[in-house]
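Model, not experiment: these values are computed from the prediction. Any value given below was found using the heavy atoms of this structure, including those in side chains, with hydrogens, waters and symmetry copies removed. The sequence lines fix the lettering, A, B, ..., with proteins before strands; numbering per chain opens at 1.
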There are 2 protein chains.
Amino acid sequence: MSEAAHWLDDAEMESWLALIGVVMRLPSALDGQLRGDADLNYFEYVVLAALEHAEEQTMRMSDLAFVCHGSLSRLSHVARRLEGEGLIERYACPSDGRSTLATLTDGGRERLATAAPGHVKLVRQLIFDELDREEMRELGALSKRLLARIQA
Amino acid sequence: MSEAAHWLDDAEMESWLALIGVVMRLPSALDGQLRGDADLNYFEYVVLAALEHAEEQTMRMSDLAFVCHGSLSRLSHVARRLEGEGLIERYACPSDGRSTLATLTDGGRERLATAAPGHVKLVRQLIFDELDREEMRELGALSKRLLARIQA
DNA sequence: TCCGAGTTCTTGAAGGTTCAATAAATACTA
DNA sequence: TAGTATTTATTGAACCTTCAAGAACTCGGA
């Protein structure tokens, strides 16, 4: 295969720059709103939200890290902070001594309730107000395929 | 407007989770390759790449920060590191005493050349190998519109 | 059963980013 | 043109994430 085949052509570069722009800027936009409304960053918010939707509002740390798209180490540090603020609790898993279970507290639910309306409003404003129904589905379908590659 | 209108429906949530998954995971995938191949993180790579494509391989710090999607403070810290490694140089702007100009050195060009093949290969692998030509353009067009909102 | 390999989680240190304060220059305005 | 506001960039501290090491446990084969 020729060397040139490895580089991006103009159309690919244009698409890439737009995508990576979203990737680079979206997190700080989300962090800003959450910090202001509920003194959380996006990752902390996602951890609380994931627990809220889980069975018994409880998850294993490693599963939680995966669905939140973060490393276990990152989650462990964040969990210590969240536990210190009384937003979650951790306890040993009865069925597997290696695992730790994290669960949402009432305080965590309240904090989530404080953060959520502004967060959803911002997501709508930045993403879904811009797209019609078909475009929204298309973006989701493409993202899902890319995510599968990135996770692999 | 009813309260419910503020929340995301199932299809929106599915799309959002896929998009944010890409946003959360893509940077660490890119960082990994760049760290291994050239001891750079993605932001450092972007700074060097932006300079390479600029007139005279030189840009004002604040313009550089904007095109790299980072804060000026972040860029300033990174520029100190890159300058320390001899990859860029900074000097006062002759026409506006407030501004600093950053320029790529030979060392910076070399480092970029070390990093680029693997980086492009990974981007192709993660993004463009998954999409046909039409999907690639569609993703770019949608991303561009979202980016415009996020930057506003 | 025992031992080695693998899994799960935490921790401290190193490295990177954000935030707030500051300095220095330019632009505006009365 | 003097004074004020704005723009541009840097800095150090606080905060967060990554990295590497280690502890505790489970699994599987000899």
Side-chain angles (χ1 to χ4, degrees), chain A residues 23-36 38-48 58-85 87-103, chain B residues 23-36 38-48 58-85 87-103:
Chain A
V23 167
M24 294 290 280
R25 288 188 187 264
L26 193 48
S28 54
L30 300 175
D31 281 343
Q33 175 271 320
L34 289 167
R35 180 67 62 202
D39 197 28
L40 293 171
N41 62 33
Y42 181 71
F43 189 72
E44 292 167 335
Y45 176 85
V46 168
V47 168
L48 297 181
T58 298
M59 289 184 79
R60 270 198 342 158
M61 290 291 283
S62 52
D63 295 335
L64 190 52
F66 181 79
V67 304
C68 294
H69 307 295
S71 70
L72 186 52
S73 172
R74 180 183 189 181
L75 176 61
S76 189
H77 285 295
V78 166
R80 179 170 37 71
R81 295 202 297 271
L82 294 177
E83 196 168 32
E85 292 190 65
L87 306 182
I88 69 169
E89 282 173 356
R90 283 181 293 182
Y91 55 94
C93 176
S95 65
D96 186 335
R98 293 169 298 184
S99 300
T100 301
L101 300 177
T103 190
Chain B
V23 168
M24 295 289 282
R25 288 188 187 264
L26 192 48
S28 55
L30 301 175
D31 281 342
Q33 175 270 320
L34 289 167
R35 180 67 62 201
D39 197 29
L40 293 171
N41 62 32
Y42 181 70
F43 188 72
E44 292 167 335
Y45 176 85
V46 168
V47 168
L48 298 180
T58 298
M59 289 184 78
R60 268 196 347 156
M61 290 290 284
S62 52
D63 295 336
L64 190 52
F66 182 79
V67 304
C68 294
H69 306 295
S71 69
L72 185 52
S73 172
R74 181 183 189 180
L75 176 61
S76 189
H77 285 297
V78 166
R80 180 170 37 69
R81 296 201 297 271
L82 294 177
E83 195 169 33
E85 292 190 67
L87 306 182
I88 68 169
E89 282 173 357
R90 282 181 293 182
Y91 54 94
C93 176
S95 65
D96 185 337
R98 293 168 298 185
S99 299
T100 301
L101 300 178
T103 190

Check the distance between D:dC16's P and A:Asp31's CG and give it to me in whole angstrom. 10 Å
Does a side-chain N or O of B:Thr100 approach OP1 or OP2 of D:dT10 to a distance below 4.0 Å, or not? yes
For B:Met59 and D:dT8, give me the distance from atom CE to atom C1', rounded to whole Å. 15 Å
Specify the closest pair of heavy atoms between A:Met61 and A:Ser76, including all atoms of both residues, with the distance to one decimal. CE-CA, 3.9 Å
Expected output: side-chain A:Glu44 to main-chain A:Asn41 donor-acceptor under 3.5 Å: yes
Judged by each residue's nearest nucleotide on DNA chain C, which is more toward the 5′ side, B:Gly97 or B:Arg35? B:Arg35
Above 12 or not: heavy atoms from other molecules or residues under 6.0 Å from CD of A:Glu85? yes
Separation of B:His77 atom NE2 from D:dA14 atom C1', in whole Å? 11 Å
Which residue lies toward the 5' end of DNA chain C, A:Ser99 or B:Ser73, if each is placed at its nearest nucleotide? A:Ser99
Of all the heavy-atom pairs spanning B:Arg25 and A:Phe66, show the shortest one and how long it is. NH2-O, 2.8 Å
Protein-nucleotide distance (B:Leu75, atom CG; D:dA9, atom C1'), rounded to Å: 10 Å
From C-beta outward on A:Arg81, which listed nucleotide comes closest to its side chain: D:dT17, D:dT18, D:dA9? D:dT17
On DNA chain D, compare the nucleotides closest to A:Asp96 and A:Asn41; which residue's is nearer the 5' end? A:Asn41
Hey, could you give me the CG/NE2 distance between A:Leu72 and A:His77, rounded to the nearest 0.5 Å? 10.0 Å
Where is the tightest heavy-atom contact between B:Pro94 and B:Leu101, given as atom of each residue plus distance? CD-CD1, 4.0 Å
I'd like to check A:Arg35 versus A:Asp39 (side-chain heavy atoms, cut-off strictly below 4.5 Å). Are they in contact? yes
Sub-4.5 Å side-chain heavy-atom contact between A:Tyr42 and A:Leu26: no
Distance in angstrom units between A:Arg98 CZ and D:dA23 C1', rounded: 13 Å
CG of B:Leu101 versus C1' of D:dA9: gap in Å, rounded? 12 Å
Of all nucleotides in DNA chain C that come within under 4.0 Å of a heavy atom of chain B, which is furthest toward the 5' end and which toward the 3' end? C:dG16 to C:dT26
Among residues 61-71 of chain A, which ones have heavy-atom contacts with DNA chain C below 4.0 Å? A:Met61, A:Ser62
Quick note, A:Arg74 side chain, CB onward, closest among D:dA9, D:dC27, D:dT18 is D:dT18
Rounded to whole Å, how long is the line connecting atom CZ of B:Phe43 with atom P of D:dT17? 18 Å
Inspect the surroundings of CD in A:Glu83 and state if more than 12 heavy atoms from other residues, nucleotides or ligands are less than 6.0 Å away. yes
Can you check the B:Tyr91 OH to D:dA9 C1' distance for me, whole Å? 16 Å
